[in-house]
Number of protein chains: 2
Amino acid sequence: MSINPAPRAYQVVLDSIESDLRSGKLALGDQLPGERALAEQHQISRASVRDAIRILDVLGLVKTSTGSGPNSGAVIISNPAAGISQALRMHLAAKGINVREIVESRILLETWAAQMPPRNPHHAQQVIDRTAVLIMRMDDAQLSREEFHRIDAEFHVLLASMAGNTVVESMMESLRHSISHYVAESIPNDESWQPVVRVLRRQHKAIHHAFATNQRERAAQLIEEHITWFYSQTR
Amino acid sequence: MSINPAPRAYQVVLDSIESDLRSGKLALGDQLPGERALAEQHQISRASVRDAIRILDVLGLVKTSTGSGPNSGAVIISNPAAGISQALRMHLAAKGINVREIVESRILLETWAAQMPPRNPHHAQQVIDRTAVLIMRMDDAQLSREEFHRIDAEFHVLLASMAGNTVVESMMESLRHSISHYVAESIPNDESWQPVVRVLRRQHKAIHHAFATNQRERAAQLIEEHITWFYSQTR
DNA sequence: GCGCATAGTATGGTCAGACCACACTTCGAA
DNA sequence: TTCGAAGTGTGGTCTGACCATACTATGCGC
């Protein structure tokens, strides 16, 4: 009965990198040593190093690319939503979580962010200006549905960013991504989509107006109705 | 300029498994085909199949074990907290921990869960009974500090589970895991820890009492004070 | 027929070594 | 000076091998 049940080889690399991140030896934008170098450093095979890198990749912590030069190899980025949304999506598929839970969580996070007093008034004003532009772009009748959803997501994330909490922001983004597949499937891209998008535009404008006039509680309420209504259409 | 920029080999397996999960061909508890079999099915190497399995493992979607028989190989589970907390922890390491954001998020999630009417009264009663046991165990003066934190975490997660939202529960658990390292560092394990733990015990009991007597709003308020106070001690 | 040690078999975990496509770097020819 | 060709280092993939493990089947002794 060993106290060392299964020391995965790749864990060594993962721990080493996490430690370097904490100590500041590695920072955003830095390049990781090459796989062959890491393998030699830790005295493990390149295959195991690749396991670790692959995990960091999926978690949205590094971006890998082939070739040589300053932008090649594994570069440290920070895209928390990538890993989390992937995880949520798979668990959704596996029925480990359900749509109700996602919607509940979205409402929780977004209404909280709406009611929170902005941490940075200057940034808040910028957000209000930029979301106004997004609303105009969503009015374009020529817009493809994918593009609409993309701008829609940006709209919501921008508003939430006013609260100045990146953790909440990342979770929100992840929730949106995780469920986009489901949304695309459950509302067919035909004539039934047109009435929906008209309501969404109206709701976005009302939400934006509430923010612009600093009626934050009303904004929160409108967001809750917006989200609830939208998912009531998916079925 | 190909339309096929970089079709990672492991993605094929991932897509196939996700699709099987959606269609119900694969369900929780099922065993995945062996790595060698999957490699042949998809006409890729075992190494690439392993990439896919490794990802599912990190995401908390499968559990792998060696040997043969019904419990060997890759078995489908659903442990959303695993992947999310790993992702969150690494990103916090990369960006530098912002305690304010963590505290804000914890308060948001836990007070929400406290105020939410229980989805399952029977389960709620079980939670109240089990948390009572945890409180008693935390009274043990012989308890190591690590053990105390472990039980403490279980206490909070259990209470939050009453709301019946796995996503919120996973996010909570992830937040706790992600900063346990920080907490352990910032409160030295000496005489300064003893007064803290006494207050924590008292707060836990008050929270439990509020739940047991169905004063959910009061419980939420106590939890907020509990979390705020605790982090005010870390520095 | 029963009990139990043994050999067999399939699993994931790890390793070594090879080849590829790619992107940048270097350097020589025009 | 310019520009194209060769060089070099990167991750991506593949092959084939060996290991420890955990179950399964065998067959021996009784």
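Throughout, a chain's letter reflects where its sequence line sits, starting with A, and its residues are numbered from 1.
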Whole-Å distance separating the [atom1] atom of [X] from the [atom2] atom of [N]:
| X | N | atom1 | atom2 | answer |
| --- | --- | --- | --- | --- |
| A/Glu40 | C/dA16 | CD | C1' | 14 Å |
| B/Lys63 | C/dG12 | NZ | P | 12 Å |
| A/Arg8 | C/dC15 | CZ | C1' | 16 Å |
| A/Gln43 | C/dT14 | CD | C1' | 14 Å |
| B/Leu32 | C/dG12 | CG | C1' | 12 Å |

_If you only use heavy atoms from C-beta on, which nucleotide in C/dG12, C/dC15, C/dT11 is closest to the side chain of B/Thr64?_
C/dG12

*For A/Ser68 and for B/Gly34, find the nucleotide of DNA chain C with the closest heavy atom, then tell me which residue's nucleotide is more 5'.*
B/Gly34

*Name the residue closer to the 5' end of DNA chain C, choosing between A/Arg36 and A/Ala9 according to the nucleotide with the nearest heavy atom.*
A/Ala9

*asked:* Working note: B/Val167 + B/Ser170, criterion side chain to side chain contact (heavy atoms under 4.5 Å, CB included); need CA distance, chi angles, decisive distance, verdict.
replied: CA-CA 5 Å; B/Val167 175; B/Ser170 303; 5.9 Å; no

*Decide yes or no on side-chain hydrogen bond (donor to acceptor under 3.5 Å, both in side chains) for B/Gln125 and B/Asp129, but give the supporting numbers first.*
CA-CA 6 Å; B/Gln125 187 56 50; B/Asp129 294 346; 3.2 Å; yes

*With nearest nucleotides of DNA chain D determined for A/Asp57 and A/Gly67 from heavy-atom distances, which residue corresponds to the more 5′ nucleotide?*
A/Gly67

Would you indicate, yes or no, if [N] has its OP1 or OP2 atom less than 4.0 angstrom from a side-chain nitrogen or oxygen of [X]?
| X | N | result |
| --- | --- | --- |
| B/Thr66 | C/dG12 | no |
| A/Ser48 | C/dC15 | yes |
| B/Arg50 | C/dG13 | yes |

*Is A/Asp152 salt-bridged to A/Arg176, going by a charged N under 4.0 Å from an acidic O?*
yes

_Check: A/Ser72 main-chain N/O paired with A/Gln31 side-chain donor or acceptor under 3.5 Å_ = yes

*Between OG of A/Ser174 and CD1 of A/Ile84, what distance do you get to the nearest 0.5 Å?*
4.5 Å

*Nearest 0.5 Å, what's the CZ-CZ distance between B/Arg100 and A/Arg119?*
3.5 Å

*Contact class for B/Gly69 vs. all strands (heavy atom < 4.0 Å): base, sugar-phosphate, or nothing?*
sugar-phosphate

*For B/Ile53, answer base if it contacts any base atom (sugar-phosphate contacts may also be present), sugar-phosphate if it contacts only those atoms, and nothing otherwise; contact means non-hydrogen atoms under 4.0 Å.*
nothing

_For chain B and DNA chain D, what are the first and last nucleotides along the strand, 5' to 3', with at least one atom under 4.0 angstrom from a heavy atom of the protein chain?_
D/dG12 to D/dT24

*Does a side-chain heavy-atom distance below 4.5 Å link A/Ile44 with A/Val13?*
yes

_Check: B/Arg46 side chain, C/dG13 base, donor-acceptor under 3.5 Å_ = yes

